[in-house]
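Let me begin by presenting the structure, written as structure tokens, before commenting on it.
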Protein chains: 2
Amino acid sequence: MRSEVGSQGRSGGGVADDRTTRARIRDAAVRRFASVGFGASVRTIAADAGVSPALVIHHFGSKEKLHVACDEHVLAWIAEAKRANMGKAAGGQLLEVLAQADEMAPLVGYVLRSVQAGGAVGRSFVEHMVEDAVKYTSEAVEQGLARPSLDEEARVRYLVYSSLGSLLMAMTFDPPDDPQDTTAVMRRFMGDMYLPMLELFTQGFLTTRRMLDDYLLYVGDPPTGGARADADGATPTEGDPAA
Amino acid sequence: MRSEVGSQGRSGGGVADDRTTRARIRDAAVRRFASVGFGASVRTIAADAGVSPALVIHHFGSKEKLHVACDEHVLAWIAEAKRANMGKAAGGQLLEVLAQADEMAPLVGYVLRSVQAGGAVGRSFVEHMVEDAVKYTSEAVEQGLARPSLDEEARVRYLVYSSLGSLLMAMTFDPPDDPQDTTAVMRRFMGDMYLPMLELFTQGFLTTRRMLDDYLLYVGDPPTGGARADADGATPTEGDPAA
DNA sequence: ATGCGTGCTGAACGAGCGTTTAGTCTGCTG
DNA sequence: CAGCAGACTAAACGCTCGTTCAGCACGCAT
């Protein structure tokens with residue numbers, strides 16, 4: 001039996017920290033991984049948590065197992081946050097919901113790091129987004145709010161990849177003063193990109209159907225919904241079968 | 001003056017390699033950096049080039065300077081490839097042009113790695129794409145092929161970020177059998193994503209202007225972009241059948 | 001022939017890494 | 001009280017890393 005609380009009274013610091021030492025190490029690791037990536041050293045994590053490197057290994061067995069423990073922790077937090085915000089994530093902008101409170105910043109940062117690195121948390125997060133987005137877009141199509149697609153699954157995946165990907169690109173190339181402040185990062189990204197995104201979603205980019213029709217002709221039958229073989233050239237975009 | 005060619009006749013191998021040893025090391029480094037990232041060790045690069053680690057340092061001074069030399073080499077190659085393919089990159093899909101020949105694969109891979117890592121080559125590549133895309137979209141708008149935007153610069157940047165970002169996401173989460181074969185990667189990405197992309201560009205996603213108009217109302221005046229004059233509330237194209 | 005610059009190597013150095021080991025301290029239990 | 005279990009640390013081990021060093025081989029000018 002671990003005494004969990006018993007030994008921590010020894011810390012001579014000022015404010016009390018009611019977390020287990022194990023939890024403090026884990027949280028320090030999440031923050032470090034979020035801020036400098038998964039190459040962060042055990043020694044720096046230990047220093048952040050105010051313990052010796054050996055204790056990190058003592059509690060988690062190895063750095064890799066510490067990484068796994070962080071993954072599980074963050075995954076559980078995501079699931080919890082989604083449950084608590086049911087429906088609010090409807091817009092498909094799950095990240096916006098998650099990045100609400102400042103104390104969540106390291107967790108959001110961890111998720112984004114993991115997405116960029118193709119880690120387990122990132123993969124799971126992306127699949128969650130795709131899953132939710134499939135549901136919400138099908139609802140939106142039924143309600144006549146969104147246009148139908150010839151391949152709903154592919155469209156949803158593209159939308160998720162493109163929004164997460166552009167966020168990562170913006171973080172990489174137009175980083176704000178403090179790249180760890182994920183709420184500021186999100187605010188900046190939305191300020192810069194929301195208008196063009198909305199514009200594209202509302203009016204598209206091209207004025208004619210020609211490129212799309214040519215492509216459909218070129219690839220033959222699309223997965224769902226018959227490819228209308230007439231392909232009468234450049235018909236104006238509007239006047240479409242809108243639900 | 002370096003004799004550059006003098007000593008290399010000593011290599012006892014089968015096929016002749018008319019590259020300088022320095023160039024062979026640099027090419028090996030580009031390939032390694034492309035395939036495993038910039039954390040690749042000097043020792044593995046040296047082994048790839050068939051030389052000792054010390055020789056790598058002898059020629060380049062340090063690993064960081066080798067990295068810089070690779071950056072310069074790849075940048076020069078991009079400039080050359082763009083000059084040779086003037087106009088062909090019109091679609092804004094610069095990468096497609098670059099990824100044509102298989103021997104270019106490591107260079108394209110290097111560029112993508114650098115984009116992901118936010119390196120100098122990546123930043124320069126992105127800015128080139130934005131620059132070109134600004135030109136081509138403004139032409140397309142003038143010709144009536146593309147719809148105008150309230151903020152052309154922001155739209156272009158969003159389009160570049162979203163296309164490069166979604167490509168990186170697809171490479172990360174749906175990697176093909178050989179992730180180094182960038183032509184296969186591109187082919188796969190296009191096969192999966194081109195239809196939804198074209199669909200979105202042609203018909204948009206939303207059926208009404210409501211979200212866009214609400215946002216414009218919310219933020220007040222749109223940015224000072226040139227589209228200011230004809231921003232009378234409705235861009236000319238859409239008849240907008242409000243369900 | 002001699003000397004020199006240069007391409008090049010094997011061996012080693014020092015730093016940082018993850019991890020192990022041996023041991024101390026402390027609170028609980030019999 | 002004794003003894004034990006577990007939190008915890010300082011030190012060190014073994015490894016990989018980038019880099020340095022001393023020296024070898026060879027083409028070229030003197």
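The model shown is predicted, which means the values in this text are computed figures rather than measured ones. Here is the naming used below: chain letters follow the sequence lines, and residue numbers restart at 1 for every chain. Note: hydrogens, waters and symmetry copies are ignored here, and every other heavy atom, side chains too, is used.
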Q) If you check the A54(B) side chain, which of dG7(C), dG10(C), dT20(C) turns out closest? A) dG10(C)
(Q) Just to verify, which of V51(B), V42(B), T20(B), V30(B) counts as forming a side chain to side chain contact (heavy atoms under 4.5 Å, CB included) with I25(B)? (A) V51(B)
Q: Using a cut-off of strictly less than 4.0 Å between a heavy atom of the residue and any atom of DNA chain D, enumerate the qualifying residues of residues 60-67 of chain B by number.
A: S62(B), K63(B)
Q.
Under 4.0 Å from OP1 or OP2 of dG6(D): is there any side-chain N or O of H59(A) that close?
A. no
Q: Could you pull out all residues at least two apart from R26(B) that satisfy salt bridge (Lys or Arg N to Asp or Glu O under 4.0 Å)?
A: none
Q | R22(B) CZ - dG7(C) P separation (whole Å) | A | 10 Å
Q: Under the salt bridge (Lys or Arg N to Asp or Glu O under 4.0 Å) rule, collect the residues that match up with R188(B), sequence neighbours excluded.
A: D192(B)
**Q.** Closest non-hydrogen atom pair, M186(A) against L167(A)
**A.** SD-CD2, 3.9 Å
Q: Take the protein atom CG of L55(A) and the nucleotide atom P of dT9(D), then report the distance between them rounded to whole Å.
A: 5 Å
Q. Between R113(B) and S35(B), what is the shortest heavy-atom contact and its length?
A. NH2-O, 3.1 Å
Q) Rounded to the Å, how far apart are R24(A) CZ and dC8(D) C1'? A) 12 Å
Q) At how many degrees, to 10°, do the end axes of the helix from dA1(C)-dT30(D) to dG30(C)-dC1(D) meet when each uses five pairs? A) 30°
Q: Could you check whether the rings of F38(A) and Y110(A) sit parallel, tilted or perpendicular, using 30° and 60° as the cut-offs?
A: perpendicular
(Q) Tell me the closest heavy-atom pair linking S124(B) and L75(B), and the distance in Å. (A) OG-CD1, 3.7 Å
**Q.** Aromatic plane relationship, F205(A) with F201(B) - under 30° parallel, 30 to 60° tilted, over 60° perpendicular
**A.** tilted
**Q.** Close approaches to DNA chain D from residues 35-44 of chain B, in residue order (heavy atom, under 4.0 Å)
**A.** A40(B), S41(B), V42(B), R43(B)
**Q.** Nearest-angstrom distance from the residue atom CZ of R19(B) to P of dG7(C)
**A.** 18 Å
Q) Within the structure, does a side-chain N or O atom of H58(B) lie under 4.0 Å from either OP1 or OP2 of dC21(D)? A) no
**Q.** Closest nucleotide among dG7(C), dT20(C), dT19(D) to the I57(B) side chain
**A.** dT19(D)
Q. Do side-chain atoms of K63(A) reach the backbone of V56(A) as a donor and acceptor pair under 3.5 angstrom?
A. no
Q: Taking salt bridge (Lys or Arg N to Asp or Glu O under 4.0 Å) as the test, write out the residues that go with D27(A), two or more places apart.
A: R19(A)
Q.
Taking the ring centre of each residue, are F189(B) and Y158(A) less than 6.0 Å apart?
A. no
